[in-house]
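For reference, the structure is listed below as structure tokens.
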Amino acid sequence: MDVTRIFERLNEAQRRAVGAPPGALLVLAGAGSGKTRVLTHRIAWLVEAQNVLPPRILAVTFTNKASREMRGRIGKLLQASDDGMRNLWIGTFHGLCHRLLRMHFEEAGLPKNFEILDSDDQFRLVRRVLREQQLDEAYWPPKQMQWMINQHKEEARRARDLPAGEGQQQILHRVYRAYEETCQRLGMVDFAELLLRVFELFRNNQLLREQYQRRFEHVLVDEFQDTNTLQYRWLRLLCDAHKNIFAVGDDDQSIYGWRGARIENLLGFERDFPGAEVIRLEQNYRSSGNILNAANAVIGHNAGRLGKTLWTDAPAGTKVRLYAADNEFDEARFVVSGIAEWVQNGNRRDSAALLYRSNAQSRVFEEQLLSEGMPYRVYGGLRFFERAEIKDALAYLRLISNRDSDGAFERVVNHPARGIGAKTLETVRRRARDQQISMWKAAGESDGELSARAAGALQKFRQLIDEMAAAAAGMDLADTTEEMLARSGLLAHFKKDRGERGETRVENLEELVSAARNFAADDDEDAPDELSQFLANAALEAGEGQAEEWEDCVQLMSLHSAKGLEFDLVFLCGMEEGLFPHQRALAEGNQLEEERRLCYVGMTRAMKRLTLCHAAVRRLHGHERYARPSRFLSEIPDEHIEELRPSRISRIAQTNNAASHLELGRRVLHKKFGEGVVVDFEGRGEHARVRVDFAGGESKWLVCAYAELAPA
DNA sequence: AATCGGGGGCTTTTT
DNA sequence: GCCCCCGATT
């Protein structure tokens, strides 16, 4: 056991964290401070220096990607065999809960073959429940109902825990209750349910709780600032006996408040775990000095931080560049030419990233990149297992695996078309509802209510699925998938769709076959069959946004997607008030700090060069908008900034002292014309003129020196 | 059953 | 202004 090997590549703070005595420990890990390194080394230290057995350790992450990466790094560190690593539980909250529920489905009150609903499946089920409850979707938007249900679940509230309520409340609760009942009846588990079930299981079952509290003697959590209420309660329950929790997070990088993440979990850690130690990792190994200091200055404007100041040994490097574009096209031209130059200087394209606040901004950049012939990759959008054709194929597989899967039945019973129309389905649906049976079973009953043709079509469909299932029994997963694609007519359906869209869909379906071929199922004796595992995996891990792209590409993504990544060259675009910080965040009032954290996250992605851009004019929602530069820009001290082109906006002020309050987008008041907005300017000194769009619809050029424009 | 067009909406995302 | 969804139309 060579403990020095574990410590030798760590700095002082990292060592303190890795070698801390058991107990509650909060590691505040700044951007680029070696967070994953500390987590992985902590586990190595527990195993090698403390002789903790790997099955005694539980490590929780948020994304599959993070858990894969951690598993890989620990494997290398421990030089453990695959078998040794299998005993080490590393996974996402949802993945771990799924595993626990598979093992304890009975105690959790679930059928053995329970199915996982992804967000889309859940949405469809909610919509179905609404229809069954005779509620008008226009008044009760399924999206909002879904949100409401998840909200309750994340606070560990069941429908039965809610007061009866009145009016709207009463109906909401009725929907929630009906949704719960339907899920239970059909053996469906949505994402939040995975966690809630295990939480309730541990809470209500003392034996099991104590068993797992003993088993997982050491609990480690990554991205702790992203935990929601339920996840945090889940963790506390699990650690209740020993309080050995090693939580790593960064309050400054909390950017998911809008989806339930509670930064309070991090801020209140010392209160919830009395005697907890807090260690700060403040040495940054990523960015050069100017970039880091600029980012520090921005985040310094947030109140209510736990407090941390990152520093670096690295040289100051180039200053943060600031470009004031005329409009979004100018911005795109500037950015793309900057990347072209970077590439000409011998750098890789994929070391350059283009970051923005909202995905819609990517379009202009894409057009420019396309016209310059520069390969790029846009992150975001639908992921592999979320694509319609893939979900269609999965629905067939789900039916093969479980005939009672109503969601799957509804999705493909008439897709491709086989003469089973809306009327027939309505009858089947009603029958299923009345008798509390699945649609599959309802479709199999012949009570003479349906026309012979409709009944025949349903029988044919049932026969098709049965045949596919029978064939599947003697085949492996990939062959089953291939057979299903052929027999169902799905592949043929998309093949006759000429054009690019159909082509991509066929490619995706073919890709699904290779995904099935490469799928490594768990072959424990108590593991579910291969197909069930594949389906669960598809729900829990939606896969990459695009088929793996090996070409060296410029990276385009939202600021949120960029978290956790790093690039030599970063362009942070669209830094305008209203866009970033976003209008909706400003309107909500308390969300400015999260926007600022997002800015901090974006800036700290850059290793060598960071360029910030804003445009004076931007077309947004069909209107030209004149926006002031983001307040975040003015929060960066001048000493770290190099202005590549003075802003047109500040030029108005520079060229005309008398009109220094004038800038594009500013509301002004004119004695005669009333209130308006400054939309353009020209000239300098006493000749400076501005164009003002007045509220009455008139647009006028006014000479600043005479017009006496007052701020509105 | 596919296609057209009107209407609404329009921040960020993982599981 | 663009995109997606839904309903109506062929």
Side-chain angles (χ1 to χ4, degrees), chain A residues 60-67 91-99 116-123 127 137-138 141-143 147 150 153-154 189-196 222-223 226-228 230-231 254-261 328 355-364 367 379-383 385-386 388 414-422 493 496-499 501-502 536-545 557-564 574 578-588 591 594-595 597-599 601-602 618-625:
Chain A
V60 195
T61 63
F62 274 85
T63 64
N64 292 298
K65 193 174 160 214
S67 82
T92 62
F93 278 102
H94 297 85
L96 295 166
C97 286
H98 175 238
R99 191 165 169 184
I116 301 175
L117 299 180
D118 70 15
S119 307
D120 183 56
D121 301 330
Q122 185 190 33
F123 176 81
R127 200 170 52 184
E137 283 179 40
K143 265 258 131 35
W147 184 84
N150 290 336
K153 289 194 179 192
E154 279 174 15
V189 175
D190 62 46
F191 286 135
E193 185 72 26
L194 285 166
L195 275 124
L196 183 52
D222 190 20
E223 306 280 17
D226 289 341
T227 49
N228 66 29
L230 182 57
Q231 287 159 341
S254 165
I255 55 173
Y256 288 113
W258 52 273
R259 66 170 198 212
E328 69 266 35
L355 310 182
Y356 35 76
R357 178 64 178 83
S358 76
N359 290 311
Q361 286 169 256
S362 75
R363 235 193 74 225
V364 183
E367 281 163 9
Y379 285 72
L382 276 193
R383 311 227 307 268
F385 285 111
E386 293 167 351
N414 196 35
H415 180 56
R418 42 176 78 88
I420 301 173
H493 171 77
K496 71 170 192 254
D497 182 359
R498 297 275 156 216
R501 210 178 57 175
N537 182 264
L540 286 173
E541 185 161 7
E544 288 289 310
M557 68 189 83
S558 70
L559 286 160
H560 284 89
S561 306
K563 188 171 163 224
L579 187 59
F580 188 37
H582 196 273
Q583 196 57 53
R584 307 251 311 221
L586 293 170
E588 293 290 321
Q591 287 172 28
E594 185 154 309
E595 293 288 300
R597 291 193 289 268
L598 195 53
C599 181
V601 165
R618 181 180 298 273
R619 219 179 170 87
L620 212 62
H621 308 319
H623 296 283
E624 297 229 304
R625 301 207 350 183

Shorter than 3.5 Å, N or O on both sides, protein versus nucleotides 6-10 of chain C: list them out with atom names.
none

Could you tell me the separation between the [atom1] atom of [X] and the [atom2] atom of [N], rounded to a whole number of Å?
| X | N | atom1 | atom2 | result |
| --- | --- | --- | --- | --- |
| Y356(A) | dT13(B) | OH | P | 9 Å |
| H560(A) | dT14(B) | NE2 | C1' | 12 Å |
| N150(A) | dT13(B) | CG | P | 18 Å |
| H98(A) | dT14(B) | NE2 | C1' | 17 Å |
| R99(A) | dT15(B) | CZ | P | 18 Å |
| E193(A) | dT14(B) | CD | P | 23 Å |
| E223(A) | dT14(B) | CD | P | 13 Å |
| L598(A) | dT13(B) | CG | P | 10 Å |

Just say parallel, tilted or perpendicular for the rings of W258(A) and H560(A), cut-offs at 30° and 60°.
perpendicular
Nearest of dA2(B), dT15(B), dA1(B) to any side-chain atom of N414(A)?
dA1(B)
Side-chain atoms of T92(A) come closest, of dT13(B), dG1(C), dT15(B), to dT15(B)
Between [N] and [X], is there an OP1 or OP2 to side-chain N/O distance shorter than 4.0 Å?
| X | N | result |
| --- | --- | --- |
| R259(A) | dT15(B) | no |
| S558(A) | dT13(B) | yes |
| R584(A) | dC10(B) | yes |

Contact class for N64(A) vs. all strands (heavy atom < 4.0 Å): base, sugar-phosphate, or nothing?
sugar-phosphate
Lys/Arg N to Asp/Glu carboxylate O, R618(A) vs E328(A), below 4.0 Å
no
Of all residues at least two apart in sequence or in a different chain, which pass the side-chain hydrogen bond (donor to acceptor under 3.5 Å, both in side chains) check with T61(A)?
none
Under the ring pair (Phe, Tyr, Trp, His ring centres under 6.0 Å) test, which residues partner H582(A), sequence neighbours left out?
none
Without swapping roles, check the side chain of E386(A) against the backbone of R383(A) for a donor-acceptor pair under 3.5 Å.
yes
For nucleotides dT12(B) and dC5(C), find the distance between their P atoms and express it as a whole number of Å.
15 Å
Is there aromatic stacking of H94(A) against dT15(B), centre distance under 5.5 Å, plane angle under 30°?
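The ring of H94(A) is not stacked on dT15(B).
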